[in-house]
Amino acid sequence: MSLELFLFLVFAAVAAVSGILMITRSEVVMAALFLILNLASLAGLYLLLNAQFIAVVQVIVYAGAIMVLFLFVIMLLRPEHEKIVTKISGIRTFAFIIAALVFVQLAYVILKSHPGSALNSDVTASVNAGTVESIGTELYTNYILPFEAAGFLLLAATIGAVVLAKRKFE
Amino acid sequence: MNVDYLVNSLYLIKPELAIASALVLLVLIDLIMGNNKKFLPYVAIAGLIAAAYFIIGQFGMNSLAFVSKSNKGMIIADPFGAFFKGIVVFASLFVVYFSIKSDEIKASFERHGEYYTLIFGMILGMFFMISASDLILIYISLELVSFSSYVLAGFTKTALRNSEAALKYVIYGGVSSGIMLFGISILYGITGSTNLYEINSLIQSSSIPNLTFILSGILIFVGIGYKISAAPFHFWTPDVYEGAPITITAFLSVASKAAGFALLIRFIKITFIKSVDSAGYWQLVDLIDWKTFFIFLSIITMTLGNFAALWQDNLKRMLAYSSIAHAGYLLLGMAVLSNQGMIAIIIYFAVYAITNLGAFFVVMLIANKIGSENIDDYKGLGYSQPFLGVSLAIFLISLTGLPPTAGFIGKLYLFIALVDAKMITLAVIALLNSVVALYYYIRVLKNLFLSRPANGTFEFKVSFSNGLVLVLLAAPIIILGIYFTPLVDLAKNSMQILGF
């Protein structure tokens with residue numbers, strides 16, 4: 001067994017188990033902590049795929065910033081007063097069906113369409129180019145326009161957040 | 001590193017640059033001027049006029065911008081894009097004017113800076129949506145439009161229905177854009193490219209897992225369908241149109257839909273086309289049966305929109321359902337999959353834009369005075385306010401598609417395209433739908449002209465500038481309904497998409 005396969009198995013197992021534990025915990029904070037574990041193990045998987053930049057971003061943005069946001073919301077909402085729904089209601093069946101659909105769909109795409117042999121041979125090159133340098137070069141040359149557009153997207157989102165937050169105090 | 005191509009590309013995106021500069025300028029002026037907000041609309045109008053000037057220049061262009069060795073181009077400057085950008089700028093100019101006059105917007109005076117900035121955020125996003133040729137830019141521009149419109153839909157602070165509208169909009173929008181992103185990722189996974197032209201040449205040459213490809217195409221359509229409010233993705237439309245400030249409703253129903261349809265046409269035509277035959281019919285790559293898909297979608301959308309509109313008492317909500325029905329008619333033009341259908345869509349859209357803006361303007365003027373959008377409160381309006389009544393009648397008749405208004409011309413070209421493509425059944429269904437539509441439009445007209453007004457309900461004067469704008473919107477509908485050659489010529493000139 002190569003080291004790569006071994007690491008993959010470890011990260012994948014941690015991701016799967018923490019994912020299941022996350023949705024089965026009744027305490028919200030525990031669930032959030034398992035989500036962090038899940039996101040961190042995904043970062044490990046990205047590293048194995050040679051995508052160093054995405055791995056780092058995964059840790060900083062998801063396991064860092066977004067999780068803090070989660071914990072903030074948990075703190076503000078005080079979920080200990082919430083009732084825990086135990087019986088299988090209609091919404092659960094619906095959620096189960098959707099999840100099953102997405103699972104089947106993903107399984108089909110991965111198993112049947114051989115994502116490794118994409119039509120465009122450049123894909124292999126792009127897999128090897130997961131470094132910060134190459135991503136930076138791409139962002140500031142080929143993808144400068146979407147990059148700028150994303151800047152305006154953030155500006156609009158910031159202004160929107162200000163508008164929405166301000167109206168409470170007026 | 002050679003950056004010449006970047007500098008040269010800037011000449012091809014002048015309208016976008018004008019809007020972006022105006023956006024930044026609006027933020028700055030709002031910060032510098034403090035509580036003096038009266039310059040903001042003029043800055044907005046100046047930015048729009050500059051953009052309009054550059055757009056007119058784009059009618060003669062036919063090239064890709066931001067082309068490099070490893071990328072076939074991000075954004076396209078062609079007559080097709082110029083036409084739809086023109087529609088967006090046209091709608092924006094009127095919406096800025098409406099905003100100056102709207103009592104709803106005046107009430108939230110201290111946030112005008114944010115209001116105009118977000119409108120410009122929407123315009124910029126729509127411009128990119130209309131002319132993007134890369135899936136990444138398409139997705140970012142869709143989000144830019146969505147984010148700005150979520151906030152604008154909930155902009156007025158007092159109304160509860162306003163917040164409800166914004167919340168519904170965010171949830172539906174988030175789900176559908178997530179689904180679209182999923183579709184884009186699958187498409188990228190199969191083809192290894194995000195460029196539409198490159199995907200087109202890749203899927204023609206090699207064998208592709210069929211079902212996966214269909215899946216990605218339909219998932220991507222979910223995001224676009226949400227923007228044009230096609231049937232299974234329309235649930236947000238009535239609530240948002242009713243709850244949002246009326247200026248924003250008018251903007252969403254015209255500009256946002258224009259951008260959505262431009263994106264749809266471009267996406268289908270560039271990505272899936274094999275060739276265009278001599279009669280102008282598109283031969284698509286036979287991976288996805290878009291024809292059947294569009295036929296079903298248009299039938300559902302039309303029928304649902306028209307029948308739901310029958311029970312509406314709020315005029316804004318009724319116009320929301322009617323705009324869903326109009327999306328259905330426009331999808332008929334897509335189902336034909338030919339250049340003729342595309343010309344019909346362009347004609348229909350030009351007319352629809354003017355008419356819908358006019359209808360919402362009248363509703364706004366009346367709501368300013370009587371504070372209601374209920375159809376029953378319009379009783380006898382035609383007697384005490386003949387000018388407003390007659391204008392509203394013209395707009396509603398044009399929306400129904402009766403002669404001698406321009407709405408008739410739009411429907412006529414659509415039906416001719418259907419009949420020429422031997423899709424008679426579909427044409428009959430669309431015709432029957434128009435009859436249903438006649439009922440609920442006429443219901444408003446009945447209230448306007450056949451009932452006597454209660455005493456003193458409509459004692460107000462329409463100011464000169466409002467009257468002038470109303471004439472500017474109503475006159476073209478009658479004129480284009482009789483002399484429509486310029487409209488058809490414009491449509492023929494603007495159906496040119498780069499490469500096909």
Side-chain angles (χ1 to χ4, degrees), chain A residues 49 54 95 98 101-127 129 133-170, chain B residues 1 3 6 9 13 16 20 23-24 27 65-66 68-71 74-75 108 110-111 113-115 117-118 121-122 124-125 128 132 134 136-137 139-141 143-144 147-148 150-152 154-155 157 166 182 186 188-193 198-199 202-203 205-206 208-209 211-213 215-216:
Chain A
L49 290 170
I54 297 180
I98 295 284
L101 262 178
V102 174
F103 178 76
V104 169
Q105 186 186 327
L106 276 177
Y108 179 85
V109 170
I110 291 170
L111 296 176
K112 284 282 175 179
S113 66
H114 310 291
S117 59
L119 294 173
N120 190 339
S121 54
D122 290 347
V123 173
T124 22
S126 76
V127 168
E133 288 102 308
S134 60
I135 287 177
T137 321
E138 285 290 311
L139 268 188
Y140 282 96
T141 54
N142 288 333
Y143 290 91
I144 182 79
L145 195 65
F147 182 70
E148 296 286 337
F152 276 103
L153 174 62
L154 288 179
L155 179 64
T158 316
I159 292 172
V162 170
V163 170
L164 291 181
K166 228 167 96 180
R167 64 193 221 164
K168 278 225 159 144
F169 300 102
E170 275 164 6
Chain B
M1 172 116 259
V3 290
L6 288 182
S9 298
I13 58 162
E16 284 82 0
L23 193 158
V24 175
V27 176
F66 295 95
S68 67
K69 254 179 254 161
S70 57
N71 199 309
M74 278 287 159
I75 194 164
S108 50
E110 66 279 2
R111 283 174 294 149
E114 289 88 339
Y115 177 80
T117 312
L118 286 172
M122 265 178 97
L124 186 66
F128 282 137
D134 194 287
I136 293 178
L137 188 59
Y139 179 72
I140 289 178
S141 61
E143 286 292 274
L144 180 51
F147 271 50
S148 314
Y150 297 154
V151 180
L152 287 172
F155 188 76
K157 52 185 176 181
F182 191 30
I186 295 176
Y188 176 70
I190 309 171
T191 58
S193 170
E198 214 167 317
I199 292 174
L202 285 168
I203 61 178
S205 52
S206 9
I208 284 204
L211 200 58
T212 319
F213 195 74
L215 192 73
S216 73

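On a predicted model such as this, the values are computed, not experimentally measured, just so you know. Lettering follows sequence order; numbering is per chain, from 1.
- A 4.5 Å side-chain heavy-atom check between Phe155(B) and Val163(A) finds at least one atom pair inside the cut-off.
- With a threshold of 4.5 angstrom between heavy atoms, Ser141(B) does not approach chain A through any atom at all.
- The shortest side-chain heavy-atom distance between Ile54(A) and Leu49(A) does not fall under the 4.5 Å cut-off.
- Proximity to chain A is absent for every atom of Leu152(B), based on heavy atoms less than 4.5 angstrom apart.
- Contact check for Phe182(B) versus Gln105(A): side-chain heavy atoms found under the 4.5 Å cut-off.
- Between Pro146(A) and Asp134(B), every side-chain heavy-atom pair lies at or beyond the 4.5 Å cut-off.
- In terms of non-hydrogen atom pairs under 4.5 Å with chain A, the most contact-rich of Val27(B), Ile13(B), Val24(B), Leu124(B) is Leu124(B).
- Every residue was checked against the side chain to side chain donor-acceptor pair (under 3.5 Å) condition with Tyr150(B), not counting sequence neighbours, and none meets it.
- Contacts between Leu154(A) and chain B at a heavy-atom distance below 4.5 Å are absent for every atom of the residue.
- Of the atoms belonging to Ala20(B), heavy atoms from both backbone and side chain fall under 4.5 Å from chain A.
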